[in-house]
Each structure stands twice: as structure tokens, then as C-alpha cells.
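None of the values given here were measured: they were computed from a predicted structure. Order of the sequence lines sets the chain letters (A, B, ...), proteins ahead of strands, with each chain counted from 1.
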Amino acid sequence: MNWIISVLAIWAVAYFVNVKLANSSLRHTRLIKLLVPAIFGATLLLVWEGLVRGLEVPPVILPPPSLIGVKFMSSLDILWGDLVQTLFKGALSGYIIGCSAAIVTAILIDRSPFLQRGLLPVGNFIAALPIIGTAPILVMWFGFDWQSKAAVVVVMVFFPMLVNTVQGLAATDTMQRDLMHNYAGGYWKTLQKLRLPAAMPAIFNGLKIATTLALIGSLVAEFFGSPTQGMGFRISAEVGRLGLDMVWAEITMAALAGSAFYGSVALIEKTLTFWHPSQRG
Amino acid sequence: MRNILPVLTVVAVIIVIWYAAAIGMNKKWTYDQAARAKVEVSLTEMVKDTWTQDRPVLPAPHQIVQELYKSVVLKKVTSKRSLVFHGTITLAATMLGFVFGTLAGIFLAVGIVHNRAMDMSVMPWAIASQTIPILAIAPMIVVVMNSMGGTDFLGKETATAIFGYQPAFMKGLLPKAVIAAYLSFFPVVVGMVKGLRSPDQMQLDLLKTYNASNSRTFWALRLPSSTPYLFTSLKVGMAASLVGAIVSELSSSPLRGLGARMLTGSYYGQTIQIWAALFAAATLAATLVAMISMIERISLKRMGMN
């Protein structure tokens with residue numbers, strides 16, 4: 001009972017603080033902008049902890065965050081091994097292969113409007129399909145190790161990336177291309193000096209979407225078969241043993257890895273496309 | 001319309017590549033079988049064999065179409081080998097999750113737009129959640145809800161009392177729907193917040209000069225101008241729901257639905273079955289998204305927005 005009362009009290013206090021902060025005159029400062037969601041997140045964790053303890057929810061149904069935190073810290077080596085397997089071997093290699101293949105394809109079909117008009121609708125169509133379903137097939141083809149995960153990732157990221165790059169390459173206007181023409185810049189020179197830089201924001205948009213897809217693809221493909229390592233493998237194995245604290249620790253790791261992956265691509269974007277209006281803010 | 005020829009060309013090229021790849025990937029088996037039977041196979045025999053194997057590495061397109069025809073048209077829809085049977089199970093989970101996920105997403109977006117504290121607290125998390133692989137929780141939700149008891153849409157007794165039997169799609173529906181809802185929720189929140197904020201300052205000012213209340217502004221300006229964003233997020237949400245339903249079928253019991261069909265296919269090496277299930281899932285996704293597109297076109301036209 002005490003737990004429940006304190007949960008309600010914490011919720012009320014945090015709510016009051018956040019409303020005050022959000023409506024204060026300082027709300028446009030960076031600190032407040034970080035503080036408000038941080039308080040919200042911390043409150044959620046405390047409420048979770050309090051409710052699980054107060055209602056005596058068994059840990060095989062929902063472990064409290066403290067238990068998950070302890071498990072996370074005590075099994076860092078396992079989590080790291082899984083991260084290497086899923087993110088660095090599976091997701092990252094597939095991401096690099098898939099994205100560069102898509103960019104190269106986009107440049108190859110750039111000179112043929114016919115191919116573009118044919119490939120874009122097909123690409124858009126395929127991008128909306130449940131491509132993750134190819135995972136069992138690719139696991140059969142490439143075996144249980146990271147190669148099959150990389151293959152799933154390649155298939156998943158290729159079309160969104162292709163569509164974004166083609167759109168990006170169309171982002172220049174006639175005036176700019178005419179200027180290049182006046183400078184006697186040929187096709188490749190124009191591509192290098194004008195159209196590729198102008199395509200960067202769209203390309204990075206695709207690259208950012210692809211980070212999430214890559215991690216999902218690599219992780220879910222492990223549900224279909226995996227060596228005894230990897231986040232997807234660990235999740236399905238520990239779920240079977242009802243080791244839910246480990247599952248949650250793994251999910252925490254996946255969330256951190258996903259945010260870090262996305263964040264690093266966003267950081268590269270910031271340094272490379274500093275000139276674009278969306279980055280000058 | 002002018003895109004039809006290029007699209008057909010691309011599709012034709014893909015099919016040709018597919019047949020060629022089927023020869024390349026299946027010929028090892030053909031030659032192995034021939035060597036074991038101590039016979040020579042000519043080139044045409046080899047090609048013919050690679051396109052007609054029972055368990056090819058890569059089935060040829062016509063084999064998949066045959067399997068689809070067999071399991072969609074020829075089987076009774078109540079049979080466990082019918083893809084219609086498995087498709088409706090996946091569809092039920094997808095739709096239930098989609099409806100709840102998008103409704104919750106729209107309500108949260110309305111709250112975010114009208115309440116600054118909510119906006120500043122929730123929005124960063126909603127955006128951050130798009131970078132994390134939420135699908136990872138699918139197996140856990142399934143198992144936890146199983147151990148808690150209720151995974152059927154209606155209990156067996158209730159369903160029998162109403163329908164006289166328990167419809168197959170209701171069995172184990174809830175965890176799948178929860179995951180489908182969870183996956184469609186965040187894209188809808190982010191999309192709808194953008195949409196409800198899309199009216200520009202001039203329009204908002206105009207309504208202010210009319211002394212319009214917040215709710216009046218919402219119904220007369222914000223909601224109508226968010227329609228294009230709504231449809232875009234509905235399409236994203238629908239695709240996400242379907243992926244969620246399929247992935248959660250991998251760990252659900254009983255093994256039913258398109259996802260389960262892929263899983264059992266991969267256990268028993270039934271490659272044609274996997275591909276047929278994959279094509280059925282793709283058709284389902286395409287149909288659902290196309291239906292939303294159609295409603296989008298009609299309503300935007302009637303609203304004078306296209």
C-alpha cells in the first residue's frame with residue numbers, strides 16, 4: 001500500500017514540476033528542453049518500480065527496473081558479445097553493403113528516365129511490403145551466422161535508400177544545372193560538384209531510416225536461427241526460460257544501440273550538410 | 001499511366017533474372033541427383049529440372065503461383081493448409097492492433113498539440129522511440145500474456161455462447177494485436193502532431209480574430225488540415241501493424257497465421273511454402289495500403305485538397 005501511495009505522490013509532484021517548467025519563461029532554453037522529458041522518463045521508471053512492488057507483480061511477468069538495471073550491469077560481457085554479433089557483424093555490414101549498392105544503383109539509373117520511372121514505383125511498392133518475411137529464406141541460404149542477417153538487412157535497406165537517393169538527385173533546379181552547363185561542366189563534373197552535394201539531405205534521410213531498419217532486420221532474423229549469440233537469439237532463448245530480466249536488459253541494450261546508431265549518422269549528417277537550411281536552424 | 005510500360009519492363013527483367021537465378025541456385029541438386037543415379041543430363045533437362053524441384057533452393061515464379069493457387073483457391077478456407085485461413089488470422093490481429101494503435105496515437109497527438117507540458121515530456125520520447133527496434137519485445141509480450149492466461153479475443157466459453165464455436169482467428173489474438181498496436185502507435189503520433197500543427201500562423205490568427213475557442217479551432221482548422229498527414233501515417237501504421245503481427249506469430253502458439261506458415265516452412269525446408277506465404281503477406285500489405293490510398297484520394301478530393 002505504501003508503494004502505491006508513494007507512486008501517486010511522485011506522479012503528482014513530477015506532473016506539477018513539469019507543468020511549471022513547461023510554462024515558465026525559461027522553456028526555450030536547452031536545459032529545460034532536456035530536463036522536462038528526463039523528469040517524465042524518470043517518473044515512468046519510478047511508477048513502474050512502485051507498481052510492480054506495490055501490486056507484487058511476479059518478476060516472470062514484469063521485473064522492476066531496478067532488477068533490470070542490476071542484471072544489465074552484471075551481464076555486460078554477454079550483452080557486449082550480443083551487440084557485436086547483431087549490430088557490428090549483422091546490421092552494420094548489411095547496412096554498408098545495402099546502402100552503397102542503392103546509391104550506386106541510383107547513380108547508374110540516373111541517366112535513364114525510363115528505368116527511373118520503372119524502378120521508382122516498384123521500389124516504393126516493395127518498401128511498403130513486410131520484407132522481414134524474407135528472413136527465413138535468407139537464413140536457409142546463408143546459414144545461421146551473421147552473413148544471413150547482413151543479407152536480410154541488405155534487402156530491407158536497399159529500396160528505401162534507392163528511392164531517397166533518386167529523389168535527392170532530382171533536387172537541383174534548371175538554373176543551377178544551366179550554370180554548370182555554362183561552366184562547361186560535363187555530366188560527371190555536374191554530378192560531383194552540384195547534384196551529389198544537393199542530394200545529401202535526401203541521402204541522409206534514407207541513411208537515417210535505414211539505421212532502424214538494419215537493426216530490426218538483423219535482430220528479427222536471429223529469431224529464425226542464429227549461432228549462440230546475438231540480441232535476437234538471447235531474447236528468444238531467455239523468453240523461453242522466463243528470464244525476463246535478461247530480456248529487458250537486452251531490450252535496453254537494443255534501444256541504446258539503436259539510438260547510438262541513428263545518432264552517429266545524424267552527427268555525420270550535421271557535419272556534412274551544415275549548409276542546408278534544416279541544419280542551420 | 002505513362003509509367004506502365006517502364007514498370008512492366010522492370011518487372012519482366014526481375015522475372016527473367018529470377019528464372020536465371022533459379023537455374024544457378026538449383027542446378028547443384030540436379031547434378032547431384034543425376035550423379036547418384038549415374039545418368040547424364042543434357043542442358044535442357046537440367047534447366048527443366050531446376051524449375052520443377054520439390055524443395056528448390058529458389059523456387060521459380062510459376063511454382064510459387066501454383067502453390068498460391070493450390071493453397072488459396074483449391075483448399076477449403078477452414079483447412080489448415082489454406083493460406084486464406086492463415087491470412088485471415090494475420091489480418092484480424094493486424095486490424096485490431098491497427099485500429100487501437102492509431103486511435104491511441106491520434107488521441108495522444110491531440111493532447112500533445114494542446115498541452116505544452118505533455119508536448120515537452122512525451123514528444124522527445126516518441127521521436128526517440130522511432131530509432132529503437134521495438135519489434136524486439138514481440139516474443140516477450142506473447143509469452144508473458146500467455147502465462148497470464150488470456151490471449152484469446154473472447155474466452156472459449158464466451159465465443160461458443162455467441163457464435164456456437166470459437167472462430168480460429170480469435171485464438172491467441174490479443175498478444176499479436178498488442179504488438180501490432182504498439183508498432184503503429186508511434187508513427188501515427190509523430191505524423192499527427194506534425195499534421196495538427198500544419199496550419200500556419202496566419203490561419204490560426206484569423207480564427208483568433210473570430211474569437212474561436214480551442215475546440216472550435218481544432219474541429220474547423222487543425223483536424224481538416226491534418227488529413228493528408230493522417231493518411232500518410234495510416235499507411236505507415238498499417239504496414240507496421242502487419243509486420244508486427246507477422247513477427248509475433250513466430251513465437252505465438254498455436255502456430256497459425258502467415259508468419260507461422262513461414263516459420264514452419266523454414267523448419268521443414270518447404271521453400272515453396274515460405275515463398276507462397278511471403279507473397280500472400282505482400283499481397284495483403286499491398287491491398288491494405290492501396291485501400292487507404294483509395295480512401296485518401298476520395299476524401300482529399302471531396303475536401304478540395306489535392
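Contacts of A:Ile235 with chain B are made by side-chain atoms alone, with heavy-atom separations under 4.5 Å and no backbone atom involved. Heavy atoms closer than 4.5 Å to chain B are found in the backbone of A:Val60, but not in its side chain. Neither the backbone nor the side chain of A:Phe261 has a heavy atom closer than 4.5 Å to any heavy atom of chain B. The parts of A:Val19 that come within reach of chain B are both its backbone and its side chain, each placing non-hydrogen atoms under 4.5 angstrom from that chain. Contacts of A:Ile251 with chain B are made by side-chain atoms alone, with heavy-atom separations under 4.5 Å and no backbone atom involved. Contact annotation for B:Val7: both backbone and side-chain heavy atoms come within less than 4.5 Å of a heavy atom of chain A. Contact of B:Ile246 with chain A is made through the side chain alone, with heavy-atom distances under 4.5 Å. Residue contact with chain B, scored on non-hydrogen atoms closer than 4.5 Å, involves the side chain of A:Ile132 exclusively. Residue A:Thr134 touches chain B through both its backbone and its side chain, counting heavy-atom pairs closer than 4.5 Å.
Counting heavy-atom pairs closer than 4.5 Å to chain B, the top-ranked of the candidates A:Gly217, A:Ala257, A:Ala22, A:Pro37 is A:Pro37. Most heavy-atom pairs under 4.5 Å with chain A: of the set B:Val243, B:Val289, B:Leu135, B:Val57, this distinction falls to B:Val57. Your options are B:Ala239, B:Ala277, B:Ala136, and the one with the most heavy-atom pairs under 4.5 Å with chain A is B:Ala136.
Nearest heavy-atom pair, B:Ala282 versus A:Leu129, reported as atom, atom and distance to 0.1 Å: O-CD2, 3.4 Å. A pairwise comparison of heavy atoms in A:Pro130 and B:Leu278 identifies O-CD1, 4.1 Å as the closest pair. Here the shortest heavy-atom pairing between B:Ala117 and A:Asn18 reads CB-O, 4.1 Å. Counting all heavy atoms, side chain and backbone alike, A:Pro136 lies closest to B:Ser266 at CB-CB, 3.7 Å. Listed here is the closest heavy atom pair of A:Thr212 and B:Gln130: CG2-O, 3.1 Å. Taking every heavy atom of both residues into account, A:Arg27 and B:Arg116 meet most closely at NH1-NH1, 3.1 Å.
Under the 4.5 Å side-chain criterion, counting only non-hydrogen atoms from C-beta, A:Leu242 is in contact with B:Val143. The shortest distance between side-chain heavy atoms of A:Tyr262 and B:Ile132 does not fall below 4.5 Å. Between B:Leu58 and A:Trp141 there is a side-chain heavy-atom pair separated by less than 4.5 Å.
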(request) Could you walk me through whether A:Thr211 and B:Thr131 pass side-chain contact (heavy atoms from CB on, under 4.5 Å), step by step? (result) CA-CA 8 Å; A:Thr211 56; B:Thr131 67; 5.9 Å; no
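By the 6.0 Å contact criterion, OH on B:Tyr268 is open, its count of non-hydrogen atoms from other residues, nucleotides or ligands being 12 or less. More than 12 heavy atoms of other residues, nucleotides or ligands sit less than 6.0 Å from atom NZ of A:Lys208. Within 6.0 Å of the CH2 atom in B:Trp29, the count of heavy atoms belonging to other residues, nucleotides or ligands does not exceed 12. Atom CH2 of B:Trp125 sits in a sparse spot, with 12 or fewer heavy atoms from other residues, nucleotides or ligands closer than 6.0 Å.
With rounding to the nearest 0.5 Å, the separation of OG1 in B:Thr9 from CZ in A:Arg117 is 10.0 Å. Rounded to the nearest 0.5 Å, atoms CE (A:Met140) and CD (B:Gln270) are 8.5 Å apart. Atom CE of B:Met118 is separated from atom OH of A:Tyr15 by 8.5 Å, given to the nearest 0.5 angstrom. If you take CE on B:Met120 and CG on A:Leu35, they are separated by 9.0 Å, rounding to the nearest 0.5 Å. Expressed to the nearest 0.5 Å, how far CD1 of B:Ile134 lies from CG of A:Leu219 amounts to 12.5 Å. Once rounded to the nearest 0.5 Å, the distance linking CD1 of A:Ile61 with CE of B:Met140 reads 12.0 Å.
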